[in-house]
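Heads up: the structure comes next, in structure tokens.
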2 protein chains.
Amino acid sequence: MTHFMRIGELASKTGISVEALRFYEKQGLLKTPHRSDAGYRLYDEKTLKQVSFILKAKAVGFSLKDIAGLLALEVNREQETCESVKNFAQSKLDEINAKLAELQRMKDALQQITDACCGSEKSAVHCTILTALSEDEGEPEHH
Amino acid sequence: MTHFMRIGELASKTGISVEALRFYEKQGLLKTPHRSDAGYRLYDEKTLKQVSFILKAKAVGFSLKDIAGLLALEVNREQETCESVKNFAQSKLDEINAKLAELQRMKDALQQITDACCGSEKSAVHCTILTALSEDEGEPEHH
DNA sequence: CTTGACCCTGAACCAGACGTCAGGGTTTAA
DNA sequence: TTAAACCCTGACGTCTGGTTCAGGGTCAAG
């Protein structure tokens with residue numbers, strides 16, 4: 001028993017604006033939904049998950065175009081080979097891994113200098129964080 | 001012995017455009033550099049590291065405004081307390097950790113469905129990747 | 001002493017990712 | 001049956017992060 005909702009409900013359930021949803025549709029991220037007699041968009045539960053996928057992908061730095069690429073695979077399933085789909089997914093995976101590595105490096109660097117900072121209420125003239133940032137952007141091993 | 005370089009050299013060494021460098025300066029990401037008699041910008045080695053910090057921060061999803069915030073701490077060092085600097089850094093660290101976790105979830109999900117895909121040269125009608133994306137956006141545990 | 005590579009400023013322009021507004025139907029609760 | 005709350009389309013506005021352009025100096029080599 002599938003429950004259909006209008007765009008406002010989808011918007012409030014996903015925490016995204018109605019305008020953004022219509023925009024995603026225009027960009028090909030959401031396929032054109034069913035319409036009520038009055039012309040209102042009607043969405044099913046699946047769309048909820050698709051939207052949350054889009055949001056997650058966005059949150060980790062993929063562009064709408066990237067996401068459209070991933071989702072587009074679904075559309076022309078019959079034209080695609082399993083191989084090409086897998087290759088595409090793998091290249092996205094490579095991108096994710098690159099971002100992960102970069103983030104991890106930043107984290108380590110920022111963590112190190114944060115740990116080394118005294119955190120006192122005194123003036124930050126000699127603050128190790130600032131020193132590290134301005135001199136070494138995050139690898140405070142010497143001097 | 002500090003070697004001063006002009007904007008073109010800084011650009012080629014950092015792999016960023018001259019225009020972008022001037023733009024960063026306008027946005028307060030790079031402090032106004034020394035000028036030659038002719039009015040040319042002159043940068044020292046430290047700037048090289050600052051730029052690479054900016055690039056790394058950008059690469060992991062921080063906006064120019066975020067980065068300006070971090071770098072701005074450097075400017076009014078004497079007005080800032082070590083405590084506030086550390087707090088700011090910690091909140092950035094929290095953001096990084098959140099991104100890291102989200103990326104890791106995406107990676108795991110994508111990795112799982114990619115591993116499960118046969119990768120054959122046949123039509124992708126029954127491709128597990130596409131099925132997973134359209135139904136469950138990446139967690140293929142049931143049915 | 002001029003040509004080519006480099007630098008300057010300011011303004012205009014651009015893509016991505018939406019938000020807003022005008023003008024107009026629809027649904028529903030009172 | 002009417003007001004509030006919702007929905008539609010299409011056009012235009014906005015912020016970010018730059019790039020391009022116009023008009024013009026500077027400097028080293030030939």
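Residue numbering restarts at 1 for every chain, and letters A, B, ... go by the order of the sequence lines.
- In this structure, A:Arg35 atom CZ and C:dT26 atom P are separated by 14 Å, rounded to whole Å.
- Listed in residue order, the members of residues 4-22 of chain A having a heavy atom less than 4.0 Å from DNA chain C are A:Ser17, A:Glu19, A:Ala20.
- Donor-acceptor pairing under 3.5 Å is lacking for the side chains of A:Asn87 and A:Glu83.
- Side chains of B:Leu21 and B:Glu25 form no contact here, defined as non-hydrogen atoms less than 4.5 Å apart.
- Rounded to an integer number of Å, the gap from CG of A:Leu42 to P of D:dC6 is 16 Å.
- Among the protein residues, A:Ser36 comes within range of no part of the nucleic acid, since none of its heavy atoms lies under 4.0 Å from any strand.
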Item checked: salt bridge (charged side-chain N to carboxylate O under 4.0 Å, His left out) assessment of A:Glu9 paired with A:Arg6 -> CA-CA 6 Å; A:Glu9 190 176 346; A:Arg6 293 182 307 188; over 6 Å; no

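- One interatomic measurement links the two molecules: CG of A:Leu30 to P of C:dA17, which rounds to 14 Å at whole-angstrom precision.
- For A:Ala38, counting side-chain heavy atoms from C-beta on, the closest listed nucleotide (C:dT26, D:dG17, C:dC18) is C:dT26.
- One can place CG of A:Leu29 at 9 Å from P of C:dA17, the figure rounded to the nearest angstrom.
- Judged purely by distance below 3.5 Å, without hydrogens or angles, the side chains of B:Asp108 and B:Gln112 never pair a donor atom with an acceptor atom.
- When the nucleotides C:dA17, D:dC8, D:dG17 are ranked by their closest atom to the side chain of A:Leu64, C:dA17 comes out on top.
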Notebook entry, point to check: Given the rule in the side-chain hydrogen bond (donor to acceptor under 3.5 Å, both in side chains) test, do A:Ser91 and A:Asp94 qualify, once you have shown the distances and angles that lead to the verdict?
Noted result: CA-CA 5 Å; A:Ser91 77; A:Asp94 292 346; over 6 Å; no

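- Look at OH on B:Tyr24: it is 14 Å from P on D:dT16, rounded to the nearest Å.
- Considering only side-chain atoms of A:Arg41, the nucleotide from C:dC7, D:dT9, C:dT9 that sits closest is D:dT9.
- Rounded to an integer number of Å, the gap from B:Lys26 NZ to D:dC15 P is 17 Å.
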